[in-house]
Novice: 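Right, I'll just put the structure down here and ask away after.
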There are 2 protein chains.
Amino acid sequence: MVENKQLSRASVLRMELYLDVLQQCRAEGRHNITSADIGEAVGVSPESVRQDLFKLGTTGKPMVGYEVDKLISLLRSVFGLDTLKKICLVGYGNLGRALANSNIWDKAGFELAAIFDKDPNVVGTGVGPLKVRNLAEVFGVVKSEGIVAGVIATPASVAQEIANILVNAGIKAIWNFAPVKLHVPEGVVVENQSLAWGLITLSQAMKSVFKE
Amino acid sequence: MVENKQLSRASVLRMELYLDVLQQCRAEGRHNITSADIGEAVGVSPESVRQDLFKLGTTGKPMVGYEVDKLISLLRSVFGLDTLKKICLVGYGNLGRALANSNIWDKAGFELAAIFDKDPNVVGTGVGPLKVRNLAEVFGVVKSEGIVAGVIATPASVAQEIANILVNAGIKAIWNFAPVKLHVPEGVVVENQSLAWGLITLSQAMKSVFKE
DNA sequence: TAGATTGTTAATCGATTAACAATC
DNA sequence: TAGATTGTTAATCGATTAACAATC
């Protein structure tokens, strides 16, 4: 029932789409869904949907399809959404503020447990009960709070330095918004979300559109 | 010299890293660089670097390596960074404000030419000379300004509707921050940058780390 | 020259697509 | 039962890695 092989990034991305569709179905009161329905909703062939679900240990029934509730649980467990993970945010500029005030954390099973910045004018301000702390406190707070992941929303110039601090403090995962390839030891996961890179990727993709 | 085959997404992502390394090299005054150097800096094998550059029409010399300036120009042209593209932003919440005030646009060859929101309290406010306009103006402004791309930084619930409006207005590319699979006609490019999906991907990746 | 480094083809690997038997 | 739909293997496709001749 639990996956053992590493899922490809592409698979994971598709599965996130499946989860979205399934939740819509549940909201509409449907109990079952076929691979064809899922596929059509997310722009993927039914075969690919089945292949993806097969990797997770399949749960469908011929003629009936998949149980919506069961599949939602399965995907949530694959993504680890029901495991609470403490995360900290480093960098409280425009982007940091937008992140801190967003509602994305819960939905992915994270608790935003601390915010850090080096600017003395920003330290002490904050979101609700959460106050921005001085960068120097990272090590101690990560340890004492049991924080396992960190977000880097700082300028690119200091991103690697921040990554080192986080890793030293024992963090196992980094969500990186800086357009910098971070060098981290094995066993530490980095997920890049650089807006700059995203925009360049869009620019590149546009070229083929205009060529037609 | 100009690429004709579609580059894989993975290739493009790697090439963005190469460009970063090359720009650092130029800043340090280096004129040449080998595939081994590039590879080491970005965590890719020299063979892969050469293979990627080969796809673009290679420009290196045995025993010397690649000319830094030449390669920067080549990559900038591959990404289309020197072609100015007008883009508009829809949704001026926390994320929209962070985007509008960022410096990412120029660097990817975009000019942020208009901002839209439906909230009357927000319309009229703005960044520098740019004022937030009413959502109803999208169609007219996109046409009159010659805007070719749009950013969706709205709640997920209205993202598809906004996409339809943008596409109808003639936009060819969408940078989508909403955690929704957008359905667009062929010939329109969508680049997803949903933070919610990114965070779930991180959560999934963390599972394997903690399993070890 | 000698040898480091590229250009480019070949081999491997993995992911996607197709096919179809199993089954409810 | 009949036939729609899954589970699962096989075939195809593409990307990555390896290899090595070409070359500066």
Side-chain angles (χ1 to χ4, degrees), chain A residues 1-18 21-22 25 30-71 74-75 78 201 204-205 208, chain B residues 1-18 21-22 25 30-71 74-75 78 201 204-205 208:
Chain A
M1 191 62 69
V2 174
E3 80 287 1
N4 33 23
K5 273 187 192 168
Q6 192 82 340
L7 298 169
S8 74
R9 190 184 177 75
S11 275
V12 172
L13 260 38
R14 282 193 302 269
M15 288 174 188
E16 291 177 19
L17 298 178
Y18 303 164
V21 170
L22 289 162
C25 279
R30 292 181 61 182
H31 292 291
N32 292 286
I33 188 168
T34 65
S35 57
D37 287 346
I38 297 177
E40 195 183 16
V42 304
V44 161
S45 72
E47 291 86 355
S48 287
V49 174
R50 288 206 299 279
Q51 187 70 272
D52 282 334
L53 297 179
F54 178 58
K55 288 182 211 159
L56 306 180
T58 44
T59 60
K61 283 191 171 50
M63 289 296 284
V64 178
Y66 300 85
E67 257 182 68
V68 173
D69 282 338
K70 216 159 145 188
L71 214 44
L74 177 59
L75 287 173
V78 168
T201 307
Q204 194 277 330
S208 60
Chain B
M1 192 64 64
V2 175
E3 81 288 2
N4 32 24
K5 272 187 192 167
Q6 194 83 340
L7 298 170
S8 75
R9 190 182 177 76
S11 274
V12 172
L13 260 37
R14 281 194 302 271
M15 288 175 190
E16 291 178 19
L17 298 179
Y18 304 164
V21 170
L22 289 162
C25 281
R30 291 182 60 182
H31 292 292
N32 291 286
I33 189 168
T34 65
S35 58
D37 287 346
I38 297 176
E40 196 183 13
V42 305
V44 160
S45 72
E47 291 85 355
S48 287
V49 173
R50 288 206 299 279
Q51 187 70 272
D52 282 336
L53 297 179
F54 179 57
K55 289 181 210 157
L56 306 180
T58 44
T59 60
K61 281 191 173 50
M63 289 295 286
V64 179
Y66 300 85
E67 256 183 68
V68 173
D69 281 340
K70 216 159 147 188
L71 214 45
L74 178 60
L75 288 173
V78 168
T201 306
Q204 194 277 330
S208 61

Novice: When the distance from CD of B:Q51 to C1' of D:dA19 is rounded to whole Å, what number comes out?
Specialist: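 Nearest whole value for this atom pair: 12 Å.
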Novice: Nearest of D:dT5, D:dG7, D:dT16 to any side-chain atom of A:T34?
Specialist: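 That would be D:dT5.
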Novice: For a quick test of reading the model: is some side-chain N or O of B:R14 closer than 4.0 Å to OP1 or OP2 of D:dT16?
Specialist: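 Result: yes.
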Novice: Establish, with yes or no, whether the OP1 or OP2 oxygen of D:dT6 is under 4.0 angstrom from a side-chain nitrogen or oxygen of A:R50.
Specialist: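 A:R50 to D:dT6 OP1/OP2: side-chain N or O found under 4.0 Å.
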Novice: Under 3.5 Å, is there a donor on one side chain and an acceptor on the other for B:T201 and A:E16?
Specialist: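 Their side chains do contain a donor-acceptor pair, which is all the 3.5 Å distance test asks for.
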Novice: Would you mind reading off the distance between B:M15 atom CE and D:dT16 atom C1', rounded to a whole angstrom?
Specialist: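 Whole-Å distance recorded here is 13 Å.
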Novice: Specify the separation, in whole Å, of atom CG of B:L53 and atom P of C:dT8.
Specialist: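 So the CG-P distance, B:L53 to C:dT8, works out to 12 Å.
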Novice: Measure from the side chain of A:T58, starting at C-beta and using heavy atoms only, and say which of D:dT17, C:dT16, D:dG7 lies closest.
Specialist: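 From the listed options, D:dG7 comes nearest.
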Novice: Using the side-chain heavy atoms of A:M63, tell me which of these nucleotides is nearest: D:dT16, D:dA4, C:dT6.
Specialist: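 It is D:dA4.
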Novice: B:F54 has an atom CZ; how far is it from atom P of D:dG14, in whole Å?
Specialist: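 It works out to 17 Å between those atoms.
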Novice: Please report, rounded to the nearest Å, how far the C1' atom of C:dT5 is from the OH atom of B:Y66.
Specialist: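 Rounding to the nearest Å, OH of B:Y66 and C1' of C:dT5 are 9 Å apart.
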Novice: Using atom CD of A:E67 as one end and atom P of D:dG7 as the other, report the distance to the nearest whole Å.
Specialist: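 Rounded to the whole Å, the gap is 12 Å.
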Novice: How many Å lie between CG on A:L13 and C1' on C:dT16, as a whole number?
Specialist: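 Taking atom C1' of C:dT16 as the reference, CG of A:L13 is at 16 Å.
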Novice: Between C:dA15, D:dT5, D:dC24, which one does the side chain of B:P62 approach most closely?
Specialist: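 Closest nucleotide among those given: D:dC24.
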